[in-house]
Participant: 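The structure follows.
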Amino acid sequence: VQNSKTNSWIHFIFKKSSKCISGIFFHYYRNMIRFYLLFSAQIIRSVSIARLWNMLKVFCSYYAARVNKQGKIAGFPISLSIEPTNICNLHCPECPTGNGQSTVAKGKITTAMVQKLVPQIQTYTWFANVYFQGEPLVNSETTKIVALLSQAKILSSLSTNAHFLTTEIAQQIVAAKLTKLIVSLDG
């Protein structure tokens, strides 16, 4: 035996929740489309014949090496990671830096080191991660490093736990033209 009051109540709830859910998805996808359009514009601004040719060489040689079972790859790296520091303020149990398992000496990269690196990579490199196993904002020169990469039309991303993210540093990051900022809330 079906209860008509229960069925109408369930129908009402389903109808309301589906509108709410569809609204959430609409806003989510609308924002994702905006992000990808802006990101695509940044990619287009960083395009060069040399980078496209290098990318084609890397991908073709990679697949040829897989088919031929040989480890010969042509071209230069398309992307790279620059670690501003291997020092972190958190003690995350899964991270070798945080849990103390890393045996690498603690240090920070300088802007001068990146100034030497950028001319060597700017022709072929398209993207740089400006983080690895440390908190990049511990290094006061991180925003200058991002600015150097941006001047060379190299897209960049930065992942931070945001403990050192102040209004001043946020403004420096925007001025440096960082491509992507990742805020890790779980350490």
Side-chain angles (χ1 to χ4, degrees), residues 31-32 34-55 57-58 73 75-187:
N31 289 335
M32 290 303 292
R34 284 181 184 163
F35 168 77
Y36 285 115
L37 287 174
L38 290 172
F39 188 64
S40 298
Q42 288 180 323
I43 290 173
I44 290 168
R45 281 194 294 269
S46 67
V47 169
S48 71
I49 300 295
R51 286 181 180 165
L52 288 173
W53 181 247
N54 182 57
M55 184 182 286
K57 287 194 304 189
V58 169
I73 306 293
F76 296 95
I78 298 167
S79 65
L80 60 92
S81 289
I82 297 173
E83 186 172 27
T85 184
N86 60 349
I87 300 168
C88 187
N89 59 314
L90 299 182
H91 301 288
C92 302
E94 73 281 352
C95 177
T97 300
N99 66 22
Q101 290 181 339
S102 177
T103 58
V104 178
K106 303 291 184 202
K108 298 176 183 177
I109 195 168
T110 63
T111 306
M113 296 166 91
V114 178
Q115 283 174 331
K116 290 180 186 176
L117 175 68
V118 168
Q120 298 173 38
I121 64 169
Q122 73 181 7
T123 305
Y124 303 107
T125 303
W126 211 316
F127 190 81
N129 285 320
V130 188
Y131 64 93
F132 186 55
Q133 290 186 344
E135 168 53 39
L137 297 181
V138 167
N139 188 341
S140 61
E141 296 187 20
T142 298
T143 56
K144 294 173 189 164
I145 292 167
V146 170
L148 287 171
L149 294 169
S150 295
Q151 289 168 4
K153 295 185 179 180
I154 297 173
L155 304 174
S156 58
S157 71
L158 180 83
S159 180
T160 177
N161 60 34
H163 284 215
F164 301 102
L165 192 58
T166 63
T167 303
E168 180 184 343
I169 292 175
Q171 290 171 345
Q172 289 173 8
I173 289 171
V174 170
K177 298 181 181 175
L178 179 72
T179 308
K180 181 179 179 181
L181 176 66
I182 302 164
V183 178
S184 178
L185 300 177
D186 60 347

Participant: Would you compute the distance between atom CD of Q171 and atom OG1 of T143 and round it to the nearest 0.5 angstrom?
Facilitator: 11.5 Å

Participant: Using atom types as modelled and distance alone, determine if a side-chain donor or acceptor of S150 lies under 3.5 Å from a backbone N or O of A176.
Facilitator: yes

Participant: Apply side chain to side chain donor-acceptor pair (under 3.5 Å) to S46 and list each qualifying residue two or more places apart in sequence or on a separate chain.
Facilitator: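 S46 satisfies side chain to side chain donor-acceptor pair (under 3.5 Å) with W126 only.
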
Participant: Using a 4.5 Å cut-off on heavy atoms from C-beta on, say whether the side chain of P84 contacts that of V130.
Facilitator: yes

Participant: Answer whether the closest heavy-atom distance between the side chains of T142 and T160 falls below 4.5 Å.
Facilitator: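 No. Closest side-chain heavy atoms not under 4.5 Å.
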
Participant: Indicate every side-chain donor-acceptor pair of residues 85-93 with a distance under 3.5 Å to a residue at least two apart or in another chain.
Facilitator:
from	atom 1	to	atom 2	distance (Å)
T85	OG1	I87	N	3.1
T85	OG1	G107	O	2.8
N86	OD1	G107	N	2.9
N86	ND2	A105	O	3.0
N89	OD1	N161	ND2	3.0
N89	ND2	H163	ND1	3.0
H91	ND1	G98	O	3.4

Participant: Would you say E141 and T110 make side-chain contact, with heavy atoms under 4.5 Å?
Facilitator: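 In contact.
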
Participant: Give, for atom CG of L155 and atom NZ of K177, the distance between the pair rounded to the nearest 0.5 Å.
Facilitator: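 Those atoms lie 12.5 Å apart.
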
Participant: Can you sort out the partners of Y124 under ring pair (Phe, Tyr, Trp, His ring centres under 6.0 Å), two or more places apart, ordered by chain and number?
Facilitator: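 Checked Y124 against ring pair (Phe, Tyr, Trp, His ring centres under 6.0 Å); matches are F76.
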
Participant: Using 0.5 Å steps for rounding, measure from the CG atom of L80 to the CZ atom of F127.
Facilitator: 10.0 Å

Participant: Side chains of L148 and T111, heavy atoms from C-beta outward: is any pair under 4.5 Å?
Facilitator: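 When only atoms from C-beta onward are counted, T111 and L148 do touch, with a gap below 4.5 Å.
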
Participant: Tell me, with the steps shown, if V114 and I109 meet side-chain contact (heavy atoms from CB on, under 4.5 Å).
Facilitator: CA-CA 8 Å; V114 178; I109 195 168; 3.9 Å; yes

Participant: Sequence neighbours excluded, which residues qualify as side chain to side chain donor-acceptor pair (under 3.5 Å) partners of S156?
Facilitator: none

Participant: Minimum heavy-atom separation for P77 and T125, please, with both atom names.
Facilitator: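 That would be O-OG1, 3.4 Å.
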
Participant: Of all residues at least two apart in sequence or in a different chain, which pass the side chain to side chain donor-acceptor pair (under 3.5 Å) check with Q122?
Facilitator: none

Participant: Kindly determine whether Q133 and E83 satisfy side-chain contact (heavy atoms from CB on, under 4.5 Å), including the steps that lead there.
Facilitator: CA-CA 7 Å; Q133 290 186 344; E83 186 172 27; 3.8 Å; yes

Participant: Nearest 0.5 Å, please: how far is NZ in K180 from CD in Q42?
Facilitator: 11.5 Å

Participant: Just by distance, do the side chain of N54 and the backbone of A50 share a donor-acceptor pair under 3.5 Å?
Facilitator: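 Checking the backbone N and O of A50 against the side chain of N54, no donor-acceptor pair under 3.5 Å is found.
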
Participant: Side chain to side chain donor-acceptor pair (under 3.5 Å) with Q120: which residues, sequence neighbours excluded?
Facilitator: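 Result, side chain to side chain donor-acceptor pair (under 3.5 Å) vs Q120: none returned.
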
Participant: Other residues, nucleotides and ligands only: do more than 12 of their heavy atoms fall within 6.0 Å of NZ on K57?
Facilitator: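 Yes, because the 6.0 Å sphere around NZ of K57 holds more than 12 heavy atoms from other groups.
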
Participant: Taking all non-hydrogen atoms of both residues into account, name the closest pair between S184 and S159 and its distance.
Facilitator: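 So the two residues come closest at CB-OG, 4.5 Å.
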
Participant: Quick check: closest heavy atoms across V118 and A152, and the distance to 0.1 Å?
Facilitator: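 V118 and A152 have their closest heavy atoms at CG1-CB, 3.5 Å.
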
Participant: Just verifying a value: how many Å separate L149 CG and I121 CD1, rounded to the nearest 0.5 Å?
Facilitator: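 The CD1 atom of I121 is 6.0 Å from CG of L149, to the nearest 0.5 Å.
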
Participant: Would you mind reporting whether F164 and V138 have side-chain heavy atoms less than 4.5 Å apart?
Facilitator: yes

Participant: Could you state the interatomic distance from CD1 (I154) to CZ (R51), rounded to the nearest 0.5 Å?
Facilitator: 5.5 Å

